[in-house]
Amino acid sequence: MKLKRVHHIAVIATDYERSKAFYLDVLGCTLLSEVYRAERDSWMGDLALNGEYLIELFSFPDPPERRSWPESTGLRHLAFAVDSVADARAELLEKGVRCEELRTDPHTGAAMMFFFDPDGQPLELYQA
């Protein structure tokens with residue numbers, strides 16, 4: 001088997017409209033399609049970043065809370081490359097997004113930082 005690339009990342013939101021607004025208005029994703037799946041009482045939105053399909057945003061009735069602290073098994077975070085972590089952090093703070101302090105990746109020396117979506121999902125900015 002030869003994997004070609006990551007096709008998409010699925011994110012489950014407790015409040016679909018709030019999370020959709022975050023990914024669209026704060027992070028700059030675009031909505032490619034959206035469908036309500038009545039049999040599952042679930043919304044599904046396909047989001048793109050810079051024209052490339054990237055995220056499936058879902059809602060489900062009463063999803064269990066995500067364990068994150070302390071670190072739990074499974075996907076840890078989703079990282080986005082930016083030209084300037086400091087500038088991007090300033091923009092997020094202006095929009096009221098919870099952000100951690102700037103860090104330096106000890107392995108590469110690159111600037112990085114974590115921030116959080118409306119459900120506390122850890123997201124990362126990494127200076128490319």
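One-based numbering along the sequence shown.
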Are [X] and [Y] grouped together when hydrophobic residues (ILVMFWY) are joined by side-chain heavy atoms under 4.5 angstrom apart?
| X | Y | value |
| --- | --- | --- |
| Met112 | Phe80 | no |
| Val97 | Ile55 | yes |
| Met44 | Leu32 | no |
| Val6 | Ile12 | no |

Practice problem: Assess whether atom CG of Asp25 is packed by more than 12 heavy atoms of other residues, nucleotides or ligands within 6.0 Å. | Solution: yes
Which heavy-atom pair separates [X] from [Y] by the least distance, and what is that distance?
| X | Y | value |
| --- | --- | --- |
| Val85 | Ala111 | CG2-O, 3.4 Å |
| Leu24 | Leu31 | CD2-N, 3.6 Å |
| Leu123 | Leu27 | CD1-CD1, 4.2 Å |
| Pro63 | Thr14 | CG-CG2, 4.1 Å |
| Leu49 | Gly28 | CD1-O, 4.4 Å |
| Leu92 | Cys99 | CB-SG, 3.7 Å |

Exercise. Give every residue pair that meets the ring-ring contact (aromatic ring centres under 6.0 Å, His included) criterion with at least one member in residues 18-46, sequence neighbours excluded.
Key: Tyr16-Trp43, Tyr36-Trp43
Exercise. With sequence neighbours excluded, give me every ring-ring contact (aromatic ring centres under 6.0 Å, His included) pair touching residues 85-115.
Key: His77-Phe114
Quick one: pull up [atom1] in [X] and [atom2] in [Y] and give me the separation to the nearest 0.5 Å.
| X | Y | atom1 | atom2 | answer |
| --- | --- | --- | --- | --- |
| Ser19 | Leu57 | OG | CG | 6.0 Å |
| Glu17 | Asp15 | CD | CG | 7.5 Å |
| Glu56 | His8 | CD | NE2 | 3.5 Å |
| Asp105 | Gln127 | CG | CD | 11.5 Å |
| Leu47 | Leu54 | CG | CG | 8.0 Å |
| Tyr53 | Cys29 | OH | SG | 12.0 Å |

Quiz prompt | Candidate pair Arg37 and Val35, rule side-chain contact (heavy atoms from CB on, under 4.5 Å), full reasoning | solution = CA-CA 6 Å; Arg37 303 172 312 162; Val35 63; 4.2 Å; yes
Quick check: does any side chain N or O of [X] sit under 3.5 Å from a backbone N or O of [Y], one acting as donor and the other as acceptor?
| X | Y | value |
| --- | --- | --- |
| Thr108 | Ala110 | yes |
| Arg89 | Glu100 | yes |
| Asp46 | Ser33 | no |
| Ser42 | Phe60 | no |
| Asp117 | Gln121 | yes |

Quiz item: Is there side-chain contact between Arg103 and Glu124, with at least one heavy-atom pair below 4.5 Å?
Solution: no
Self-check item: Heavy-atom side-chain proximity of Glu101 to Met113 below 4.5 angstrom
Solution: no
Quiz prompt | Residues in side-chain hydrogen bond (donor to acceptor under 3.5 Å, both in side chains) contact with Arg40, at least two apart in sequence or another chain | solution = none
Quiz item: Please walk me through it: do Val11 and Asp119 pass side-chain contact (heavy atoms from CB on, under 4.5 Å)?
Solution: CA-CA 10 Å; Val11 175; Asp119 286 308; over 6 Å; no
